[in-house]
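To find a chain, count down the sequence lines: A is the first, B the second, and so on, and within it residues start at 1. Values below: every heavy atom of this structure, side chains too, minus hydrogens, waters and symmetry copies.
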There are 2 protein chains.
Amino acid sequence: MRASEVVFRPIGIVHSRHREAAKTPIQPCYAADCEGTVEVFPEYAAGLQDIEGYSHIYLLYYLHQAPAASLLVKPFLQDVERGLFATRASCRPNPLGMSIVRLLGREGNILRISGVDILDGTPLLDIKPYAARFDCIPDTRNGWQDEVSEEDARKRGRRDFDKERIKDDGETS
Amino acid sequence: MRASEVVFRPIGIVHSRHREAAKTPIQPCYAADCEGTVEVFPEYAAGLQDIEGYSHIYLLYYLHQAPAASLLVKPFLQDVERGLFATRASCRPNPLGMSIVRLLGREGNILRISGVDILDGTPLLDIKPYAARFDCIPDTRNGWQDEVSEEDARKRGRRDFDKERIKDDGETS
């Protein structure tokens with residue numbers, strides 16, 4: 001039997017310097033120097049107690065600017081068409097984003113984070129603590145990603161973010 | 001500005017032997033011997049291409065039997081009240097579940113998995129590949145969980161699953 005629709009309501013908003021998907025790093029590990037904040041709506045702030053003990057957290061969010069779903073996609077890290085569920089591409093049947101970001105600190109209902117690969121204004125659905133005991137699995141087979149070198153992954157994973165930074169920092173407009 | 005509701009539609013169903021929340025292990029690492037299947041609805045099956053190259057996948061699902069949301073909760077691993085977002089408890093404002101399971105194989109639209117800590121009949125929302133490059137972060141601070149010993153975590157994490165198995169295997173009814 002098929003369940004019907006699932007309705008979620010945002011619990012907060014992610015604020016970042018990323019305004020354009022095409023210039024946003026594709027994963028937190030390619031965005032270590034990108035800081036941002038998570039604004040948790042005040043009515044949920046009590047749930048943040050104890051979170052500052054964690055160095056990393058999962059953010060689960062609505063990919064509000066994702067393109068229409070597509071079941072086959074060329075991932076950012078490789079020019080080969082792959083099944084969508086073997087990628088982290090945003091064109092998913094349910095545009096649900098997930099990032100493991102570093103938690104730098106908390107002031108009330110605001111979390112300061114780094115490793116931000118998330119567009120500014122993204123609606124936040126959930127926060128879960130990253131626990132190495134549950135989540136760090138070192139000996140995995142990583143599908144087509146095992147064919148991509150670290151160097152290539154880093155270059156492609158940052159997308160146009162470096163260029164943008166150089167422009168921001170170095171150009172006179 | 002607050003975004004409005006986010007509506008997702010299940011892309012499949014998780015099948016497991018877990019029929020009761022109270023007897024379901026709390027995390028895949030405490031359920032290594034629990035096998036199950038993921039039935040992806042046929043219209044999404046094309047998106048599973050290449051997934052068998054991964055040894056582990058994230059399942060994101062609707063915690064359809066979760067209790068009402070509560071912002072403070074005693075986690076299964078410790079008898080101390082904690083902020084909800086510093087735990088993986090199911091009583092979340094948006095009951096969104098996440099498990100990293102081992103992928104044993106695929107036959108068409110059916111994935112065979114182990115490490116299943118998910119109730120039978122759970123509506124599936126998304127599948128993402130687990131990539132050590134993105135997801136395995138060994139040197140983390142793990143909040144209150146760092147106070148819980150491995151032995152204690154294992155005992156509490158399996159909940160009543162062991163007892164149930166002993167009853168299933170050993171008792172004459």
Next on the checklist: Using heavy-atom distances under 4.5 Å, tell me whether B/Val73 contacts chain A through its side chain, its backbone, both, or neither.
Outcome noted: neither
Checklist entry - Less than 4.5 Å apart, any side-chain heavy atom of A/Tyr54 and any of B/Arg141? => result no
Checklist entry - Hey, which of B/Asp135, B/Asn142, B/Ile100 is the one that makes side-chain contact (heavy atoms from CB on, under 4.5 Å) with A/Asp135? => result B/Ile100
Checklist entry - Would a hydrophobic clustering, with Ile, Leu, Val, Met, Phe, Trp and Tyr connected at side-chain separations under 4.5 Å, put A/Ile13 with A/Val101? => result yes
Checklist entry - Which region of A/Val148, side chain (C-beta onward) or backbone (N, CA, C, O), has a non-hydrogen atom less than 4.5 Å from a non-hydrogen atom of chain B, or is it both or neither? => result both
Item to check | Heavy-atom contact with chain A under 4.5 Å, split by part of B/Leu111 | outcome: neither
Next on the checklist: Please determine whether residues B/Val14 and B/Phe41 belong to a single hydrophobic cluster, defined as Ile, Leu, Val, Met, Phe, Trp and Tyr linked transitively by side-chain heavy-atom distances below 4.5 Å.
Outcome noted: yes
Checklist entry - Looking at B/Gly83, B/Ala46, B/Ala132, B/Ser70, which makes the most heavy-atom pairs under 4.5 Å with chain A? => result B/Gly83
Item to check | Heavy-atom closest pair, residues A/Leu96 and B/Asp126 | outcome: O-OD2, 3.7 Å
Next on the checklist: When you measure from the side chain of A/Tyr130 to the backbone of B/Ile137, do you find a donor-acceptor pair of N or O atoms at a distance under 3.5 Å?
Outcome noted: yes
Item to check | Closest-packed option against chain B by number of heavy-atom pairs under 4.5 Å, given A/His64, A/His56, A/Arg92 | outcome: A/Arg92
Item to check | Part of B/Ala69 lying under 4.5 Å from any heavy atom of chain A | outcome: neither
Next on the checklist: Do A/Phe85 and B/Asp50 have side chains that approach each other closer than 4.5 Å (heavy atoms only, starting at C-beta)?
Outcome noted: no
Next on the checklist: Taking the side chain as everything from C-beta on, heavy atoms only, tell me whether B/Ile127 gets closer than 4.5 Å to A/Leu84.
Outcome noted: no
Item to check | Any donor-acceptor pair under 3.5 Å from B/Arg133 side chain to A/Gln145 backbone | outcome: yes
Checklist entry - For B/Glu107, does the CD atom have more than 12 heavy-atom neighbours from other residues, nucleotides or ligands under 6.0 Å away? => result yes
Next on the checklist: For A/Pro93, is there any backbone N or O sitting under 3.5 Å from a side-chain donor or acceptor partner on B/Arg9?
Outcome noted: no
Next on the checklist: Looking at chain A, which one of B/Ala153, B/Pro95, B/Ser55, B/Gly12 has the largest number of heavy-atom pairs inside 4.5 Å, strictly under?
Outcome noted: B/Ser55
Next on the checklist: Any heavy-atom pair between the side chains of B/Leu125 and A/Phe8 that's under 4.5 Å?
Outcome noted: yes
Item to check | Partner chain B: residue of A/Leu103, A/Asp139, A/Leu48, A/Asp146 with the largest heavy-atom pair count (under 4.5 Å) | outcome: A/Leu48
Checklist entry - So which of A/Cys136, A/Gly121, A/Cys29, A/Ala45 has the biggest tally of heavy-atom pairs under 4.5 Å with chain B? => result A/Cys136
Item to check | Pick from A/Arg102, A/Arg82, A/Arg88, A/Glu52 with the largest number of heavy-atom pairs that fall under 4.5 Å of chain B | outcome: A/Arg88
Checklist outcome for this item: Note: vs chain B, highest number of non-hydrogen pairs under 4.5 angstrom among A/Leu71, A/Asn94, A/Ile11 is A/Asn94
Checklist outcome for this item: So, the part of B/Pro138 with a heavy atom under 4.5 Å from chain A: the answer is both
Item to check | Smallest separation among heavy atoms of B/Pro10 and A/Ser4, with atom names | outcome: CD-O, 3.3 Å
Next on the checklist: Heavy-atom cut-off 4.5 Å, strictly under: side chain, backbone, both or neither for B/Ser99 against chain A?
Outcome noted: neither
Checklist entry - Under a 4.5 Å heavy-atom cut-off, does chain A meet the side chain of B/Glu150, its backbone, both or neither? => result both
Next on the checklist: Is any side-chain heavy atom of B/Val7 closer than 4.5 Å to one of A/Val6?
Outcome noted: no
Item to check | Path from B/Leu63 to B/Val38 over hydrophobic side-chain contacts below 4.5 Å | outcome: yes
Checklist outcome for this item: d(A/Ile51 CD1, B/Thr87 OG1) to nearest 0.5 Å is 9.5 Å
Item to check | Residue pair B/Glu81 / A/Gln49, side-chain heavy-atom distance below 4.5 Å | outcome: no
Next on the checklist: Tell me whether B/Ile110 shares a hydrophobic cluster with B/Leu59, the cluster being built from Ile, Leu, Val, Met, Phe, Trp, Tyr side chains joined at under 4.5 Å.
Outcome noted: no
